[in-house]
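Input: a single structure, listed below in structure tokens.
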Amino acid sequence: MSVQDRRRILGPAEAKPLQFAAITPVRTVENRDDGNGNKSGKESVFISTDLVTNANGSSYLEYMDGTSDQVLVMSSVFGPRPLRGSFQSKASVSIQFKEVTLEHLNTGEIKEICTFLTNVFNAVINVEKYPKSGIDIFIDLIQHSNSNPTEEANIVNILPTCINSITMALVDAGIEIIDLVSAGSKDNSVVAFIRNGHEIVGIWSDDDNVTDISKLIEECKAKYLVNKQTLVQYLK
Amino acid sequence: MTESIDIHPIVFPPEVLARISPDISLQRHLSLETRPCSRGFEEFRDVAINDGNISRYSTNCQNATTNNIIGSSLLRSGKTFVITSITGGIIEETLPANNTEDVGEEELMKLSEDTDRLCENSTIYPVVEVQRGRVGGPTDEEMITSEKLYKTLLHSGILKKTALAVSCGIRRTEEDGSVTTIYSDELLDEEKKINEANNRKWSYVLYAKIQVFSRNGPIYDLCWNSLISALKTVQLPRAFLDERAADLKIAIRTRGRSMTIRETYDILCDPHKSLPLKLNEGELCYGSNYGIIDIEPLAQLAKNDDEMDVDKPTSVLLADIETEAEESSILSTLSLTTNKNGQFKAATIIGGDSKITPEMIKRCIFLSKQRSKDIESKV
């Protein structure tokens, strides 16, 4: 039986997506130079809340690392809203990740991101406070300029911004969290902290050769503190 | 024996009334000559359109090497915003094996083409997604909007098949390893014969991904306007074949018969060179929507006692339906797609409970031309 999506207009089956020829290496090197030349060395974040009016809370973050990397993330929180079915003493948190424009991540990677973020926020949202409720969080990755379908470092670059964005959306929705959660990244790892870095709520690592984990955590913590300070400043 | 029952009137704040009884809330607003969204009756939402820096051909694009989006638009109307990204594909057209030999066949095709104007037009494959805080399959609204966009664009004649034809180039690798790409319209005469040997045809296929956020009214017009503005930014990358593949034929034998096949190979796109998509500029048009509702005399707030006895229900025309109250209580709606000269491409008129008079339709046509002119100046 042929499986066909009859609900969407997907176009002819035999069409092939555009394939761009590889750019000759000379050009790539030039690009890198341009990037470094323009490098101001300053990371900057733009934060805005209440962009999505029909959600209970939402946030929009633009993260720029001073070079060419740019991550645009929008989060919207729906809930707490009633859950169907049997009684549950805690809120159930669900997180959905979606790429709005480019589609560079595969379903497996998206699932991993969702599971990681759900674990982080289950630890941070005061779920006992919302019995019989569901809190649904939607993350829309609008742009990630350095994303490359062939590289693995994509997820690590966007995760801290995703975490910051969800935190801001939860604050905007007025959902109780035990502390502002934020994260820092180093090489191919991301560590999410709360309580001024005294507690870790999540570790993501794509690095196979981490030798000194305490050093890695310290480095992520330094970045976490900067990120958290930015969030606090916005909320003041 | 009978106990007197006191009836206390319940008073709701406006935002609660809007939720529990949108129709009364709307009527109360109308009697004050305003709307729940605090716009005038014939006032539209402000529209802002840009390309959102999403496409690989955007002026500030950072990721031109890995980006496969060839056209984009970011449309904001009030609080609602629509992100459209257009990607492409290439499809090989099936040509008759002896395409130049059979005169009768060609004549027949020409005859049928004259009667079937639609086959000259092309369209885009849109997928509309509205963010609504739920997961699952597409909703009715998303499916209907996609279908309507697809059909309206096909019938509008904005996009012609000829605009999507690929003029294929040849990539040559010189002996020293340097690579050059030659396109047929850049060719010198003596080199043109390379291309003639290769009588295959391709055409581009366009896909649109339309995402709607903060939906608070009908979305078709917003999606259409966003789609048109995205189409205007589309750059089609030049495509080429590798020289080695262009005239490669392999002789095979199957069941005792020998024939030649061409190896299947991929057509590649030039990462630097591109051509703007040619749209039929004269046919471009933009959409707007209207609603007609009767003013209920009973729901009116009395201005003073003298006016109470005027109980003739009059109806009003509201432009650009917004908010839940308007969308759920207004059943007579018009959706018009036109350009500033009144050249209509699509019109949907749904007669609900309120009578749509010819005067009102005339007024809508006038307003839609004005609106179209306004949007055109912003795209």
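- The contact between B:Glu129 and chain A is made entirely by side chain atoms (from C-beta outward), counting heavy-atom distances below 4.5 Å.
- In terms of heavy-atom pairs under 4.5 angstrom with chain A, the leader among B:Asn216, B:Val128, B:Val135 is B:Val135.
- Between chain A and the residues B:Ser72, B:Gly89, B:Gly133, the most heavy-atom pairs under 4.5 angstrom are made by B:Gly133.
- Proximity to chain A (any heavy atom under 4.5 Å) is restricted, for B:Ile70, to the side chain, taken from C-beta onward.
- Contact annotation for B:Ile54: both backbone and side-chain heavy atoms come within less than 4.5 Å of a heavy atom of chain A.
- Within 6.0 Å of CZ on A:Arg81 lie more than 12 heavy atoms contributed by other residues, nucleotides or ligands.
- Proximity to chain A is limited to the backbone of B:Asp270, based on heavy atoms less than 4.5 angstrom apart.
- Separating the CD1 atom in B:Ile69 from the CD atom in A:Glu103 is a distance of 8.5 Å, to the nearest 0.5 Å.
- Scanning all heavy atoms of the two residues, the minimum distance from B:Tyr207 to A:Ala15 falls at OH-CB, 3.5 Å.
- Ranked by heavy-atom pairs under 4.5 Å with chain B, the first of A:Asp136, A:Thr101, A:Leu10, A:Val52 is A:Thr101.
- Using a cut-off of 4.0 Å between Lys/Arg side-chain N and Asp/Glu carboxylate O, B:Glu92 and A:Lys16 are scored as not salt-bridged.
- In this structure, no portion of A:Asn56 lies under 4.5 Å from any heavy atom of chain B.
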_Residues A:Val100, B:Phe213; criterion side-chain contact (heavy atoms from CB on, under 4.5 Å); working and verdict_ = CA-CA 11 Å; A:Val100 174; B:Phe213 296 93; 4.1 Å; yes
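- Residue contact with chain B, scored on non-hydrogen atoms closer than 4.5 Å, involves the backbone and the side chain of A:Gln19 alike.
- No side-chain donor-acceptor contact under 3.5 Å links B:Gln131 and A:Lys98.
- Both the backbone and the side chain of B:Ser146 have a heavy atom closer than 4.5 Å to some heavy atom of chain A.
- Taken from CG in B:Leu268 to CG in A:Leu18, the straight-line distance is 10.5 Å, to the nearest 0.5 Å.
- Interface residue B:Ser214: backbone and side-chain heavy atoms are both found under 4.5 Å from chain A.
- Panel note: side chain A:Gln96, backbone B:Arg134; no donor-acceptor pair is recorded below 3.5 Å.
- Only the backbone of B:Arg132 comes within less than 4.5 Å of a heavy atom in chain A; its side chain stays farther off.
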